[in-house]
Structure formats: C-alpha cells, structure tokens
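Counting convention: from 1, in listed order, for ligands and their atoms alike.
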Amino acid sequence: MVVDSRAIFNLGFACNNCCIMCTYKLPEETYMVSFEEAKSMINNLGDVDGNVIMTGGEPTIRKDFFEILDYIGERHPDNDIHLSTNATTFADPDFTKRVARYPKVYVTTEFHGSTPEKHDAITRTKGSFKRTYDGIKNMLKYGVRFQIREVIHKMNYQDLPAIAKFLVKEFPELRKTVIFTIDFIGNAKRNIDAVFVKNSEIIPYVEEATKIFERNNVQVTYFQIPCCMLKKKYRYKVVPNNVSSDRIYFDKKCDACSYRNKCSGVWRTYAEKAGVGELKPIP
Ligand SMILES: C[S@@+](CC[C@H](N)C(=O)[O-])C[C@H]1O[C@@H](n2cnc3c(N)ncnc32)[C@H](O)[C@@H]1O
Ligand code: SF4
Ligand code: SF4
C-alpha cells in the first residue's frame with residue numbers, strides 16, 4: 001500500500017509493540033502485505049529521487065525482511081533505504097550484523113520515555129525499552145546508521161527534556177533528531193483522552209529539549225509543530241510537506257502568514273479537536 005506521494009511503502013500493520021498512540025488499530029489490525037505485493041509496491045515507486053522509506057507496522061518482524069531489502073537494492077541501488085522501526089529486533093546481534101551488510105540502510109527509531117517504566121507504558125509492551133536500547137547499542141557496535149526521534153503526546157511531553165538528557169548521555173554519537181506531534185487516528189483516536197494535549201502545552205518542553213540537544217551537537221528538526229507557536233529562533237527547524245497534504249490543516253488565516261510556505265501546519269485531526277485559536281499568522 002503506497003501511503004504517501006513520497007517513495008514510502010508500508011509492509012502492513014502487524015507489530016511486536018502496541019503503542020497507545022499508534023496510527024494503526026493495534027493489536028487487532030494484523031494485515032501484512034505478501035512478498036509479491038511488496039515487490040510490486042517497490043516496482044511502482046518508479047524513479048526515486050531521494051530515499052526509499054520502508055515502514056509498517058514493524059517491518060523487521062517479517063520472515064522475508066532481508067529478501068525485501070535485497071529486492072529494493074536491485075531496483076533502487078543508488079538510493080538510501082530509510083527503515084522506520086521500533087529497533088527491538090536489533091537487540092539480536094546476529095540480526096544487526098546482517099543489516100550492517102546493507103550500507104544503504106539508515107534506521108529511524110524512537111524513544112517514548114526516559115525510563116523503562118515510562119517507555120513501556122506507551123508501547124504497552126514490557127521489556128520494549130530494554131530491547132530498543134540494546135538494539136541501538138548493537139547498531140553502534142556493528143555500524144548501522146541511525147537516527148532517534150521523539151513522538152510527543154500527553155503521556156510524554158513533560159518527559160521530553162529528560163528523554164533528551166537520556167539520549168545525549170547514552171548515545172553521544174547521536175547527531176540528528178526529529179521531534180513531532182501525533183495524528184489522532186488509529187490507536188491515537190480511540191485512546192484520545194490518554195494522548196491528546198494542546199500544542200501550547202507541549203511547546204515549552206519541545207524548546208527546552210531542543211536546547212539540551214543543541215548543547216550536545218544534535219541537530220533538531222520539527223514535524224507538525226506550527227511556526228507561529230514557536231520562538232522565532234526555533235521556527236526554521238520546522239520541515240514543511242513531510243506527510244501527505246490531506247492529513248494536514250492550514251486555516252484560512254494562514255493565507256496571510258509570512259511563514260505559510262515554511263510551515264508544516266497542524267494535523268487535520270488536531271485542528272478538529274483543538275480548533276485554530278492557537279494559530280497566529282506571522283506578519
Ligand atoms: C507507525 S510507525 C511504524 C514503524 C515502526 N514500528 C516505528 O514505530 O518506528 C511509523 C512512525 O509513526 C510514528 N507514529 C506513531 N504513532 C503516530 C501517530 N499517531 N501520529 C504520527 N506518527 C505516529 C512512529 O513513532 C514512527 O516514527
Ligand atoms: S508506532 Fe510503530 S512500534 Fe508502535 S505500535 Fe505502531 S507500528 Fe508498532
Ligand atoms: S498561522 Fe498558519 S501558516 Fe502561519 S505559522 Fe501558524 S500555522 Fe503556520
């Protein structure tokens with residue numbers, strides 16, 4: 001299933017975690033595309049100008065994971081393969097060593113909390129913090145490139161500065177991160193009372209975490225955080241157009257904003273719940 005106009009393909013929904021804010025309805029949505037469907041999706045990407053992004057569910061739990069990597073390598077030999085994963089499978093050193101043989105693979109993964117208790121309460125999977133931690137240590141040991149991201153909602157926004165401190169201490173090799181808010185679909189929609197928080201609450205913690213990352217030479221970018229809610233010096237960190245436009249909302253008043261083309265707007269589902277009172281066009 002091609003879920004976006006970029007070179008992104010989704011191998012299905014099944015996962016070994018069960019995050020409270022996942023975009024899918026887990027644990028019951030377990031559909032996985034077949035190997036033949038995966039090949040046809042890879043063929044349909046056409047000429048890719050940039051990275052091939054492989055996501056799920058959890059791509060690394062598939063038995064044919066390496067065959068899929070081989071097929072991407074055949075069809076798109078010059079492109080980096082961005083693998084979106086919870087990194088738990090990398091806790092197995094043999095798996096990590098095998099991935100290290102694919103130098104085009106670049107992992108993007110997440111920590112949801114600064115302690116095992118906080119992270120596992122969000123993934124709703126006991127032991128997941130430790131497996132992700134061990135997985136990233138294995139990536140460092142065996143030479144798999146990676147980036148760690150923070151996906152922010154009511155259950156972890158106040159923990160964000162502690163997550164930043166934890167990451168720079170434990171993974172001083174980290175050079176880039178992304179902080180982003182959530183789309184209220186799938187599990188996030190049905191658990192909305194547990195995960196919804198207004199952006200105006202989140203942003204002071206985002207800015208504090210950014211300071212910690214930057215003091216430690218980690219470059220920070222933001223997805224789905226509106227420029228007008230940030231201090232001026234942080235606005236350039238917002239990446240526009242990073243998801244398909246039908247999931248994003250710009251209000252009429254955004255037409256008068258000087259940041260309209262630099263802004264990522266807000267999730268449509270966020271605007272439906274929170275309204276647009278927080279948005280203030282920048283002259
Ligand atoms: C659905 S996951 C699939 C890949 C992998 N299982 C993982 O968690 O990285 C893809 C990305 O979506 C993020 N994500 C999870 N729930 C989200 C939500 N409600 N809105 C936006 N992104 C979300 C994850 O943190 C991850 O970066
Ligand atoms: S966000 Fe990723 S790790 Fe978490 S349940 Fe969804 S697919 Fe699995
Ligand atoms: S007013 Fe609209 S376009 Fe301007 S910064 Fe805010 S959300 Fe972005």
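Among all non-hydrogen protein atoms, the one lying nearest atom 23 (C) of ligand 1 is T23 CG2, 4.0 Å. Given atom 11 (C) of ligand 1, the protein heavy atom at minimum distance is S84 OG, 4.1 Å.
Between D183 and R247, at least one side-chain nitrogen of the basic residue sits less than 4.0 Å from a carboxylate oxygen of the acidic one, meeting the salt-bridge criterion. A salt bridge between D78 and K104 is absent, with no side-chain N of the basic residue lying under 4.0 Å from a carboxylate O of the acidic one. Using a 4.0 Å cut-off between a side-chain N of Lys or Arg and a carboxylate O of Asp or Glu, E173 and K141 do not qualify as a salt bridge.
At most 12 heavy atoms of other shown residues, nucleotides or ligands fall within 6.0 angstrom of atom NZ in K130. Within 6.0 Å of atom NZ in K25, 12 or fewer heavy atoms from other residues, nucleotides or ligands are found, so the atom counts as exposed in its surroundings.
Here D80 contributes atom CG and I53 contributes atom CD1; the two are 11.0 Å apart, rounded to the nearest 0.5 Å.
Heavy-atom separations between T55 and ligand 1 include at least one value shorter than 4.0 Å. The closest approach between a heavy atom of F180 and any atom of ligand 1 is below 4.0 Å. Distances shorter than 4.0 angstrom occur between a heavy atom of G56 and an atom of ligand 1. Contact analysis leaves A87 out of contact with ligand 1, as no non-hydrogen atom separation drops below 4.0 angstrom.
Under the 3.5 Å distance criterion, the side-chain polar atoms of S84 are left unmatched by any main-chain donor or acceptor of T55.
Under the 6.0 Å cut-off for aromatic ring centres, Y249 and Y270 do not qualify, their centroids lying 6.0 Å or more apart. Side-chain rings of Y24 and Y31 stay apart, their centers remaining 6.0 Å or farther from each other. Aromatic ring centres of F166 and F111 lie closer together than 6.0 Å. The ring of F95 has its center closer than 6.0 angstrom to the ring center of F66.
Of all atoms in ligand 1, numbered sequentially from 1 with element shown, those under 4.0 Å from a heavy atom of D183 are 18 (C), 19 (N), 20 (N), 21 (C). Residue T85 approaches ligand 1 through these ligand atoms, each under 4.0 Å from one of its heavy atoms: 5 (C), 7 (C), 9 (O). Applying the 4.0 Å criterion to heavy atoms of G57 picks out, from ligand 1, the atoms 3 (C), 4 (C), 5 (C), 6 (N). Set against the non-hydrogen atoms of A188, the atoms of ligand 1 under 4.0 Å away are 19 (N). Set against the non-hydrogen atoms of E58, the atoms of ligand 1 under 4.0 Å away are 5 (C), 6 (N).
For atom 8 (Fe) of ligand 2, the tally of protein N/O/S atoms lying closer than 2.8 Å stands at 1. Of all protein N, O or S atoms, those under 2.8 Å from atom 2 (Fe) of ligand 3 number 1.
The closest heavy-atom contact to atom 9 (O) of ligand 1, among the options E110, M54, M21, comes from E110.
Checked against Y157 for a ring pair (Phe, Tyr, Trp, His ring centres under 6.0 Å), the options Y205, F180, F196 give a single hit: Y205.
Residues I148 and K176 are not in side-chain contact: their nearest non-hydrogen atoms beyond the backbone lie 4.5 Å or more apart.
With a 6.0 Å cutoff to the six-membered ring centre and a 45° limit on the axis angle, K39 counts as a cation-pi contact of Y71.
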Mind running ring pair (Phe, Tyr, Trp, His ring centres under 6.0 Å) on Y236 and Y259 for me, showing each step along the way? CA-CA 10 Å; Y236 75 96; Y259 275 71; over 10 Å; no
